[in-house]
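First the proteins, then the strands, lettered A, B, ... as listed; each starts at 1.
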Amino acid sequence: MSVNTALDNKQLEKGDGKLTSNSNTQPLESNVNAPQKKVANEGVKISVKINNFLELIGFTWFIPIVKLLAGEEPVEQLKDILKVIGVPVLAMLIFIGFWDWGAAKIQTSLGAIPGPAAVWQETKSLAADHYKEKEKEVAFYKRQEVRNAKKLEKNPDAAIKIRDYTGKATYPQQIMTSLWTVFAGFVLASVVAIPLGVICGLSPAFNAAINPIIQIFKPVSPLAWLPIVTLIVSALYVVEGEATFSKSFLVSAITVTLCSLWPTLINTAVGVSTIDKDLMNVSKVLQLGWWKTVTKIVLPSALPLIFTGLRLSLGVGWMVLIAAEMLAQNPGLGKFVWDEFQNGSSQSLGKIMVAVFTIGIIGFMLDRIMLTLQKYFSYGDAM
Amino acid sequence: MKKHRTTLIKQNMRSRFKNCLAGLALTMAGSLTSAHAVDQLEKDELKFGFIKLTDMAPLAVAYEKGFFEDEGLYVTIEPQANWKVLLDRVIDGELDGAHMLAGQPLGATIGFGTKADIITAFSMDLNGNAITVSNDIWAEMKPNIPQDAAGKPVHPISATALKPVVDRYKSEGKPFNMGMVFPVSTHNYELRYWLAAGGIHPGYYSKTDITGQIDADALLSVTPPPQMPSTLEAGTIYGYCVGEPWNQQAVFKGIGVPVVTDYEIWKNNPEKVFGVSAAWAKENPNTHKAVIKALIRAAQWLDANNDANRPEAVKILAQSEYVGADYDVIANSMTGTFEYEKGDKRALPDFNVFYRYYATYPYYSDAIWYLTQMRRWGQITEEKSDQWFHEIAKKVYRPDIYLAAAKELLEEGKIAKKDMPWDTDGYRPPQTHFIDNISYDGRTPNAYLSKFNIGLKGNDIVQ
């Protein structure tokens, strides 16, 4: 099981790699084929640089546009554009068309399923809400200042403090809370998983010992962890006065950690255990210490797989977070969805759809960021 | 990340500085109304929880109309997933206080469910619940209900009209499922009261079986309020008892018919309370008093000038951070009317009472009524003396804190002397307005229990 995951990723990697080498050769060929285009040459150089970067971050569909702008083989590029941009855009339009047509046909107890127009409307209303709330916030601080000034007037020695705004969290703030929570959970998971994975990879005995535990806990849903985490956090996290972290935040973050631990752990273990024997022999010949072996040989060679694991972990973490927030009442996107579901107003479904798209787009962006890092560490030398 | 945060903080400080200047300028202009000198508050940043029901209105109003801030309190109000989560978060201190079911502080104190010392010094409202059945059940019930000259069903509708339907389900071996919101909720007791008054046994709890379905004709189970309409629609339950707006929601969506309101089951019954943990109240007496002051003013605002402020209140409640249902749905019950069968809208001026009839005073007799129902259905498994009922009520309901807050408001001229029952001993006079005409006197709980045909009394124990 564990090996499979890692292998799949390697395969993926190879697929990506192939693409890379293909598109890398193209600009070179065009250089050879058209040496007379001296003016375009400068542009081509820049375009190669830009394209390398675009590839690194995974936005390969921009490459033909950049090439076209640089004036390379317009006909070829237009064909490419049609293929890599035209087709997805067409598919997207068909999807939206189907959605619009299908949505109106389904009547729920909250009215019809919102179509694209209704969702766009709700997006705007959420933005408007945000600005309205900001205005209220300004008024809130103003009132507080007035009150404090009044207090000072009466008693110059009075202790004055400014309290944070007490109003509701707006949609962008909820997104930030979710990102912050998943980031905390993910970092915690990485801190635990990478060292454990390294030890697993280096010591077959340890690996055998810990493997059953991994296999049992890996498939556990966040919903099963949550009550346990809630109770443990409530029991252990007792703070006098103002707490640095709210319990709901800790519960959500730890649930994310528990669920996103495994891909990193497994991939690190596989990455470490499949290091070239020659490399390990070198370390033996040089009589490197354990610490040196790990930092100089093991980690650098396992890095590509570690990053594959991290990327998978972040994906899992983001999915888990939404469920965790719904139940732990952490004021992020998950709670937004749950609250809107409970509201049951005629706008609720539209707002939930906005959240669905937000979650999807952010998940996609997180994945791209991790992919970029992964590629950077995998092919760092080649570039 | 870190850099980003620092800039944020900087921006924040800058804007605060600006606000500070603006504030000073305002003060110099002297455009201030005099604020009451605030007692030393032990804690001024508070977080209160609520469930999305219209009877949380005093909290939303106290926030939106600035009554909390008038007392120097900076309150965040946060919706909770369900009653259990809400109670747990009050117990472990994540919430300073919350909109609670009247039975929750009592249930927690006597150890039914989570054991914890929770107290209340403020009753949030009277009435506000109703029982809704699905369209199919209503169609079967309707022939059993007498009609008036205009062909409309005569209210209040007794559960005797439902009994033949339940009997048919029973004879066919099908369970007759109904929903209520929590084992110690008002809705559970009201639904049981109504069913039992019509001869339908709602089932007992026992020491070992806390599903509350022993000997039951109708099987009651827990569904969170906002999910009631969808659960009814899915056919999992045939009827439910819940607060607003979830009965009117069923009418709007055309999936069910409210048959009886709790106003008709027991006229002006006490409903939600504002609960805090006993430890919190002990540590923060001045803060607690200030909170109660703000809530009393909010309740007063809600009922002022014959409910003149209700449309504005509905607008506040319809915001997504509070109840969040559509304006029309909330307005249906909050503005003095109630729609039963679609189109059958009747005047019900007292369906939601927040202030008049001494609605906010925490009467011992209200607490004892809930305790009697806990005993009646076996949540209190053994016989208890009248003395025990009085002691628990006095431990949980705290009119002393309430009256201290009210007294300050009176001195500040914010409430009228006639608004409060200053001299009451905490027991309402015997109440007679029940659907089964049994009168209730909070001073003699065991005698009250012995009047019911269905229900535990004396030394009965469910085996």
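Chain A is approached within less than 4.5 Å, heavy atom to heavy atom, by B:Tyr74, B:Val75, B:Thr76, B:Glu78, B:Pro79, B:Gln80, B:Ala81 from residues 74-83 of chain B, ordered by number. At a heavy-atom separation below 4.5 angstrom, chain A is approached by B:Arg89, B:Asp92, B:Glu94 within residues 86-100 of chain B.
Ion pair B:Asp70/B:Lys293 not flagged as a salt bridge, since none of the NZ, NE, NH1 or NH2 atoms sits closer than 4.0 Å to an Asp/Glu carboxylate oxygen. Salt bridge annotation for A:Arg163-B:Glu69: absent, with no cationic side-chain nitrogen under 4.0 angstrom from a carboxylate oxygen. With salt bridges taken as basic N to acidic carboxylate O contacts below 4.0 Å, none links A:Lys142 and A:Glu145.
For a residue to count as touching a neighbouring chain, one of its non-hydrogen atoms must lie under 4.5 Å from one of that chain's; by this rule B:Val329 does not touch chain A. If you measure heavy-atom distances from B:Glu64 to chain A, the contacts under 4.5 Å come from the side chain alone.
Within a 6.0 Å radius of NZ in A:Lys132, other residues, nucleotides and ligands contribute 12 heavy atoms or fewer.
The residue among A:Asp339, A:Leu152, A:Thr166 with the most heavy atom pairs within less than 4.5 Å of chain B is A:Thr166. Among the candidates A:Lys335, A:Gln347, A:Met326, the residue making the largest number of heavy-atom pairs closer than 4.5 Å to chain B is A:Lys335.
A ring-centre distance under 6.0 Å is not found for B:Phe68 and B:Tyr63.
With sequence neighbours excluded, the residues that form a side-chain contact (heavy atoms from CB on, under 4.5 Å) with A:Lys151 are A:Ala158, A:Ile160.
Closest non-hydrogen pair, B:Ser320 versus B:Lys52, comes out as O-NZ, 3.1 Å. Closest non-hydrogen pair, A:Thr264 versus A:Ser313, comes out as OG1-OG, 2.5 Å. Between B:Tyr240 and B:Asn247, the shortest heavy-atom contact is CE1-OD1, 3.6 Å.
The aromatic rings of A:Phe341 and A:Trp338 sit tilted, their planes meeting at an angle between 30° and 60°.
Residue pairs meeting the side-chain hydrogen bond (donor to acceptor under 3.5 Å, both in side chains) criterion with at least one partner in residues 247-256 of chain A, sequence neighbours excluded, are A:Ser246-A:Ser248.
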